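Heads up, the thing below is written out as C-alpha cells.
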Amino acid sequence: MRLNPDGSVEVLTGTQDLGTGARTVLAQIAAEALGADIANVRTVIGDTEHLPYTGNSWGSMTTASVGPAVRMAAEDAKTKLLDAASALMGVPPRDLETHASTVRVRPGREPKAEGRVLSFSEIGDELGNVMILGHGSRGPNPEDTAIFAFGAQFAEVEVDTETGRVRVLRFVAAHDSGRIINPRLAESQLEGGILQGLGYALTEERVLDEATGVPLNASMHDYKIPTLADLPRIEAFFVAASDTKANHTGAKGLAEPPIIGVAPAIANAVADAIGVEVSEIPLTPWRVLVSLGKA
C-alpha cells in the first residue's frame, strides 16, 4: 500500500478483477483499516511483474485471500503514518487515531492537544516528497480447520405435462459467506450465480457430433441461455455471520456457491411436481416427456 504526499492511497496487488468488484472491495478494506476516505483510495491490480504476487482469481478466494493482506498492509501504513504525525503534532502515536483521511488526537488522551487534526495531505506536505509504504501478506488457513461457505436454495416450478416445458416461478437462496464487505456487489453476485445455474439446469447444453466430437451448437444463437423472459422471482439474501477463524476480515468465498445448488433444487422441484425424477440435465422438454412416459 502506498500513501502519497497528496493524501491519496493506492492498494497495490497482483490480483485480478473478473467483474466481481474486487477493486472496490479491496479499496473498502484498505479505507476501513487505514482510516481513509474511500474516495481517496485506488486499487491497482493485475500485473505481477510490477506488483506484489497474488494467486489466481478462482475458487471463490479473492476477497478472503487478498483482503487480509490488504488489511495488514493498511495497518502497517497506518503505524508509519501515526509515527510521522506524532513528531509533527507532539503527541505519542498511541494517543492518535485516523478518521476520514485525517489524524486526530484521541478524546481525553491529551487535554492540551485535544481537537488537533491534520489531514493526510497536510502530513504529506510536511514530510515532502516521501511516500509511506505498508506491506501485508496472507498466510495459510489454520490447521485442522475446514473453511467453507454454506448455502441453502429452494425452487418453485411449474411443469406443463403436455409439452414438457419447465418454468421456474420463484427461487429462494440463503447463504453464509462470512462478513459481507459490500452488500450490493455481493447480492449481485449471488443473483448472477443463480441465473447461471438456471441456464445450467434448463437450457444450456453443448451438443457434440458422436462421430467427430465437433460441437453442433457452437454459436450463441444455438446455445440457449436464459433471457429476461425466463427469469423467475429471486429472493436471495445472506445470513449474518463473520468467520474470524477463516481470516481476520471475517470474509469467506462467494462466487461459486450460488451456482452449485440451483440445478439440484430445480430438478428436485420438478420431481416433486410430476412424481418422477429426470435423471439428466438440462431439463429440456423432451427429457421431461421421456421421464413422464416411463412413470
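Worth saying up front: this structure is predicted, and the values here are computed from it rather than measured.
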Margin query: Name the residue from Arg116, Lys78, Met89, Arg106 that meets the side-chain contact (heavy atoms from CB on, under 4.5 Å) definition with Leu96.
Written below: Met89
Next item on the list: Please list, chain by chain and in numerical order, all residues satisfying salt bridge (charged side-chain N to carboxylate O under 4.0 Å, His left out) with Arg165, sequence neighbours excluded.
Entry: none
Notebook entry, point to check: Is the backbone N or O of Asp37 less than 3.5 Å from a side-chain atom of Ser101, with the two atoms forming a donor-acceptor pair by type?
Noted result: yes
Next item on the list: Return yes when atom OH of Tyr200 has more than 12 non-hydrogen atoms of other residues, nucleotides or ligands closer than 6.0 Å, and no otherwise.
Entry: no
Note to self: Quick check on Glu277: does its CD atom have over 12 non-hydrogen neighbours (other residues, nucleotides or ligands) under 6.0 Å away?
What the structure shows: no
Margin query: Main chain of Ile123, side chain of Glu126: is a donor-acceptor contact present, judged purely on distance under 3.5 Å?
Written below: no
Checklist line | Main-chain N/O of Arg287 paired with Ser291 side-chain donor or acceptor, under 3.5 Å | finding: yes
Note to self: Taking atom NE2 as the centre, does His248 end up with more than 12 heavy-atom neighbours from other residues, nucleotides or ligands that are less than 6.0 angstrom away?
What the structure shows: yes
Next item on the list: Determine, using the 4.5 Å side-chain heavy-atom cutoff (strictly less than), whether Ile281 and Val157 are members of one ILVMFWY cluster.
Entry: yes
Next item on the list: Return the minimal non-hydrogen interatomic distance between Val166 and Leu283, and the atom names on each side.
Entry: CG2-O, 4.2 Å
Notebook entry, point to check: Considering all heavy atoms of both residues, which atom of Ala251 and which atom of Thr63 are nearest to each other, and what is their separation?
Noted result: CB-CG2, 4.0 Å
Note to self: Ser121 vs Ser119, test: side-chain hydrogen bond (donor to acceptor under 3.5 Å, both in side chains). Steps then yes/no.
What the structure shows: CA-CA 5 Å; Ser121 60; Ser119 68; 3.0 Å; yes
Check: Is the backbone N or O of Thr163 less than 3.5 Å from a side-chain atom of Asp160, with the two atoms forming a donor-acceptor pair by type?
Finding: yes
Note to self: Can a donor-acceptor pair be found, under 3.5 Å and without considering hydrogens, that links the side chain of Ser60 to the backbone of Glu256?
What the structure shows: yes
Check: Quick one: are Val168 and Ile266 in side-chain contact, heavy atoms under 4.5 Å?
Finding: yes
Check: For the side chain of Gln153 and the backbone of Gly261, is there at least one donor-acceptor N/O pair under 3.5 Å apart?
Finding: yes
Next item on the list: List in chain and number order the residues that pass side chain to side chain contact (heavy atoms under 4.5 Å, CB included) with Asn268, two or more places apart in sequence or in another chain; answer none if no residue qualifies.
Entry: none
Notebook entry, point to check: Is there a side-chain contact between Lys252 and Ile147, using heavy atoms and a 4.5 Å cut-off?
Noted result: yes
Note to self: Test your reading of the model: is there a side-chain donor-acceptor pair from Ser242 to the backbone of Arg179, 3.5 Å cut-off?
What the structure shows: no
Next item on the list: Using a 4.5 Å cut-off on heavy atoms from C-beta on, say whether the side chain of Pro232 contacts that of Arg170.
Entry: no
Check: Does Asp17 reach the main-chain N or O of Ile45 with its side chain, forming a donor-acceptor pair under 3.5 Å?
Finding: no
Notebook entry, point to check: Within a reach of under 6.0 Å around NZ of Lys245, are more than 12 heavy atoms found that belong to other residues, nucleotides or ligands?
Noted result: no
Check: If every non-hydrogen atom of Val11 is compared with every non-hydrogen atom of Leu26, which pair is closest and at what distance?
Finding: CG2-O, 4.4 Å
Check: Within the distance-only criterion (no hydrogens, no angle test), does the side chain of Asp76 pair as donor or acceptor with the backbone N or O of His135 below 3.5 angstrom?
Finding: yes
Margin query: Under a 3.5 Å distance rule, please check whether Asp83 uses its side chain to pair with a backbone N or O of Ser86 as donor and acceptor.
Written below: no
Checklist line | Shortest non-hydrogen contact between Gly253 and Ser177, atoms and distance | finding: O-OG, 3.4 Å
